[in-house]
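The next block holds one structure in the form of structure tokens; read it before the comments.
This chain uses plain numbering: 1 for the first residue, then up along the sequence. All of these numbers come straight from a predicted model, not from anything done at the bench.
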Amino acid sequence: MNESRICIALDFQTKADVQAFLEKFGDEKLYVKVGMELFYGEGIEMVKMIKEMGHKIFLDLKLHDIPNTVKSAMKQLAKLDVDIVNVHASGSVAMMKAAIEGLEEGKTQEKRPLCIAVTCLTSLDQEVLDNELLIHDPLPEVVLKWAENAKEAGLDGVVCSPLESKIIHDKLGLDFLTVTPGIRLATDSVNDQKRVTTPEMARELTSSYIVVGRTITGAKDPLATYKEVYKQFQG
């Protein structure tokens, strides 16, 4: 396969579980997402193991704090030699600019890790925005505005649902990445996510990368399922 634009969310709690899962893929080089649960449980050694196995890493910690704190944290994360890191777009343009500054200062390679901003989580919908967060603009407009802020801050892209990917690319260009969770095969349960699509739909909606978790990690044959997702998304 060519370099995959499918990022497998490693929904595991231990290093041993991750190693056993990744070994099922043989020599296949993957893009994997290490989230809060796994990183907080296993830490830097987990990242080192995955890199030594030859895989790329999206370190999904969603930083959201005052600009100086985020800058300092990103300076440390840059030293891990991961491939993508992220922040919350709602933290402000100033915070996102500080994230880039931290990555530039801390990078160990010529190029810093890609930095993307989380817009609206795929567990949110308009009802939550209206009634809990008191954000009354239509959800797609909120996502687009936060994506515009991220680009202004110098970030490389955003996390959004596939449903918002096309409007972002129409406005900000295809080079501005859209990394889209909420991907399920047609036969899967949507679980706790509300804005979901299939891999084929995500391709049609111009997603740059898709994040796939339980569909692959919970499959009886993860490699076969990965290849099916790949086939649908790559077209």
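For the pair Lys151 (side chain) and Gly157 (backbone), a donor-acceptor distance under 3.5 Å is absent. Side-chain atoms of Thr217 come within 3.5 Å of backbone N or O of Gly213 as a donor-acceptor pair. Judged by distance alone, with hydrogens and angles left aside, the side-chain atoms of Asp125 form a donor-acceptor pair with the main-chain N or O of Val128 at under 3.5 Å. Remark: the backbone N or O of Glu101 is not paired with any side-chain donor or acceptor of Glu104 at under 3.5 angstrom. Side-chain N or O atoms of Glu200 include none that pairs as donor or acceptor with a backbone N or O of Gln232 at under 3.5 Å. Within the 3.5 Å criterion, the main-chain N or O of Met53 finds a donor-acceptor partner in the side chain of Lys29. The backbone N or O of Asp81 lies less than 3.5 Å from no partner atom in the side chain of Thr108, so there is not a single donor-acceptor pair. Put simply, the side chain of Thr180 never gets that close to the backbone of Cys160: no donor and acceptor are under 3.5 Å apart. For Glu164 (side chain) and Pro140 (main-chain N/O), no donor-acceptor pair under 3.5 Å exists by modelled atom type. Between the side chain of His169 and the backbone N or O of Phe176, at least one donor-acceptor pair lies under 3.5 Å.
Note: Tyr31 and Tyr209 have perpendicular aromatic rings, judged against thresholds of 30 and 60 degrees for the angle between ring planes. Ring geometry, Tyr226 versus Phe25: the interplanar angle exceeds 60°, so the pair is classed perpendicular (tilted spans 30 to 60°).
Put simply, CD1 on Ile84 and SG on Cys7 are 6.5 Å apart, with the number rounded to the nearest 0.5 Å. Considering CG of Leu139 and CD of Glu141, their distance stands at 10.0 Å, rounded to 0.5 Å. Rounding to the nearest 0.5 angstrom, the gap separating the CG atom in Leu205 from the OG1 atom in Thr198 is 8.5 Å. Note that OG1 of Thr14 and CD of Glu37 are 10.0 Å apart. Values are rounded to the nearest 0.5 Å. Once rounded to the nearest 0.5 Å, the distance linking NE2 of His88 with NE2 of His64 reads 7.0 Å. With rounding to the nearest 0.5 Å, the separation of CG in Leu22 from CE in Met49 is 6.0 Å.
At a threshold of 4.5 Å between non-hydrogen side-chain atoms, the residues Leu38 and Val18 count as touching. Residues Glu28 and Leu30 are in side-chain contact: their nearest non-hydrogen atoms beyond the backbone lie under 4.5 Å apart. A heavy-atom distance below 4.5 Å is not found between the side chains of Val142 and Thr119. Between Arg5 and Gln234, some side-chain heavy-atom pair lies under the 4.5 Å cut-off.
Lys33 pairs in a salt bridge (charged side-chain N to carboxylate O under 4.0 Å, His left out) with only one of the listed residues (Asp11, Asp60, Asp83), which is Asp60. Here the options are Val34, Leu59, Leu77, the test is side-chain contact (heavy atoms from CB on, under 4.5 Å), and the partner is Val82; only Leu59 passes.
The existence of a salt bridge linking Glu45 and Lys48 is confirmed by a sub-4.0 Å separation between a basic side-chain nitrogen and an acidic carboxylate oxygen. Ion pair Glu105/Lys75 flagged as a salt bridge, since at least one NZ, NE, NH1 or NH2 atom sits closer than 4.0 Å to an Asp/Glu carboxylate oxygen.
For the residue pair Asp130 / Gln126, a side-chain donor-acceptor distance below 3.5 Å is found, with atom types taken as modelled. Of the N and O atoms on the side chains of Glu228 and Thr225, not one donor lies less than 3.5 Å from an acceptor on the other residue. Checked by atom type, the side-chain pair Thr178/Ser207 shows no donor-acceptor distance below 3.5 Å.
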Start with the C-alpha gap between Leu114 and Leu177, add the side-chain angles, then the distance that decides, and say whether side chain to side chain contact (heavy atoms under 4.5 Å, CB included) holds.
CA-CA 10 Å; Leu114 296 174; Leu177 302 176; 3.9 Å; yes

Go through the steps to decide whether Leu155 and Ile100 satisfy the test side chain to side chain contact (heavy atoms under 4.5 Å, CB included), and finish with yes or no.
CA-CA 7 Å; Leu155 270 64; Ile100 297 297; 3.7 Å; yes

